[in-house]
Amino acid sequence: IQKLLYFLSLSFSQKYPPVKFLSEKDRKRILITGGAGFVGSHLTDKLMMDGHEVTVVDNFFTGRKRNVEHWIGHENFELINHDVVEPLYIEVDQIYHLASPASPPNYMYNPIKTLKTNTIGTLNMLGLAKRVGARLLLASTSEVYGDPEVHPQNEEYWGHVNPIGPRACYDEGKRVAETMCYAYMKQEGVEVRVARIFNTFGSRMHMNDGRVVSNFILQALQGEPLTFNLSSAFVSKLLSSDLVNGLVLLMNSNISSPVNLGNPEEHTILEFAQLIKSLVVSRSQIQFLPEAQDDPQRRRPDIRKAKMMLGWEPVVPLEEGLNKTIQYFSRELEHQANNQYI
Ligand code: NAD
Ligand code: UDP
């Protein structure tokens, strides 16, 4: 019977990815809003494996349970179906505030909701941070720089945003979210961290988010032409695992001013299409489309601040990141094909 119990406990403990042991004083209670999304679920994995207690709050607008299902039932993990536009009363030490649709089709789907999530949602999370004395990290974006007039963009640049354009609900929403962070810092003493995240890719990204990596991989895997508009003539892409390491370093640093997290390595869009085509071993054609309105011409991060103050820079080679993402997309396509008649 003892042997049986031992094997049962072994198989039970193997149900979850391995988790480090942390002593009570090092273990933090961490809230991740938007934790069932692409970036949030990778952050959940890292913080869980590091041994922390993680609460994911998500309304499942663009996120999904499947992204975090491997933690469901773990004693350190909790998943709450909640919209951050509504107040939230819990006790935590740190808040990673990621809740917001991130890709253009998603945030343009309901611009008013995008504005509410980024404004009222951020206000609520700052109110929570104030009440419980937690530190809050805002997942801001390179979109605060708009269609930039300087290259590369450093954190001192104020941006060039069209306040009434189709992307404004997101760009201006994030800009005001940053403003709120610093108002709460100055007026209420809330500890804030602001990550200005540049375009990121990786497994669990939305397959139909309309951006270049997902478009090209899907098109190449399905043998369709790789299509793009000339306006986005340069691409720089960060892998989600590099981003997540940067977010955790920033949260635990003493830098309260905004920090760019992105990949400064730039490729022309054509190079990118050719690279993906060759990694997928696809015979797809490459095709140009007309320009999209207000699409930034070019965006490239200056990451000297992150390098100097956090010792952070992207480390995973582009091809390795793309290969992992291609594998994920193939598995997802297979999963969809197998489930379409259920
Ligand atoms: P995502 O869409 O995969 O994740 C966002 C998550 O937030 C989803 O799980 C969604 O369901 C949830 N959410 C949305 N509105 C909510 C609400 N009102 N209440 C609760 N949950 C809500 O996007 P992502 O790429 O993982 O982005 C995460 C964060 O990083 C976002 O704040 C985004 O603006 C920022 N960011 C991402 C990128 C990128 O390239 N992926 C670039 C810059 C900034
Ligand atoms: N809030 C929350 N959780 C908390 C504390 C506050 O969601 O634990 C919300 C609250 O509903 C409020 C917002 O955060 O609307 C801002 O809070 P703050 O205390 O700054 O403002 P006040 O409640 O004084 O208006």
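In each ligand, atom 1 is the first atom listed, and ligand 1 is the first ligand listed.
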Student: Evaluate D58 for polar contact with ligand 1, using N/O atom pairs at a separation under 3.5 Å.
Tutor: yes
Student: Go through ligand 1 atom by atom and flag the ones less than 4.0 Å from a non-hydrogen atom of G37.
Tutor: 3 (O), 4 (O), 8 (C), 9 (O)
Student: Could you tell me how the ring of H74 sits relative to the ring of Y16: parallel (under 30°), tilted (30 to 60°) or perpendicular (over 60°)?
Tutor: perpendicular
Student: Got a second to check how far S214's OG is from M207's CE, nearest 0.5 Å?
Tutor: 9.0 Å
Student: Tell me, yes or no, whether the heavy-atom count around F60 atom CZ, taken from other residues, nucleotides or ligands under 6.0 Å, exceeds 12.
Tutor: yes
Student: Among all residues two or more places apart in sequence or in another chain, which pass the salt bridge (charged side-chain N to carboxylate O under 4.0 Å, His left out) test with D242?
Tutor: none
Student: Excluding sequence neighbours, so at least two apart, what forms salt bridge (charged side-chain N to carboxylate O under 4.0 Å, His left out) with E149?
Tutor: none
Student: For F60, counting its heavy atoms only, list the atoms of ligand 1 lying under 4.0 Å from any of them.
Tutor: 11 (O)
Student: What protein heavy atom lies closest to atom 37 (C) of ligand 1? Include the residue and the distance to one decimal.
Tutor: A102 CB, 4.0 Å
Student: For E155, enumerate each residue passing the salt bridge (charged side-chain N to carboxylate O under 4.0 Å, His left out) test, keeping only those at least two apart in sequence or located in another chain.
Tutor: none
Student: At less than 4.0 angstrom from any atom of ligand 2, which residues have a non-hydrogen atom? List them by chain and residue number.
Tutor: P87, L88, Y89, L123, N124, G127, L128, K130, R131, Y184
Student: Does R300 reach the main-chain N or O of S236 with its side chain, forming a donor-acceptor pair under 3.5 Å?
Tutor: no
Student: Quick check: does T141 get an N/O under 3.5 Å from an N/O on ligand 1?
Tutor: no
Student: Are the side chains of R167 and M108 in contact, using a 4.5 Å heavy-atom criterion?
Tutor: yes
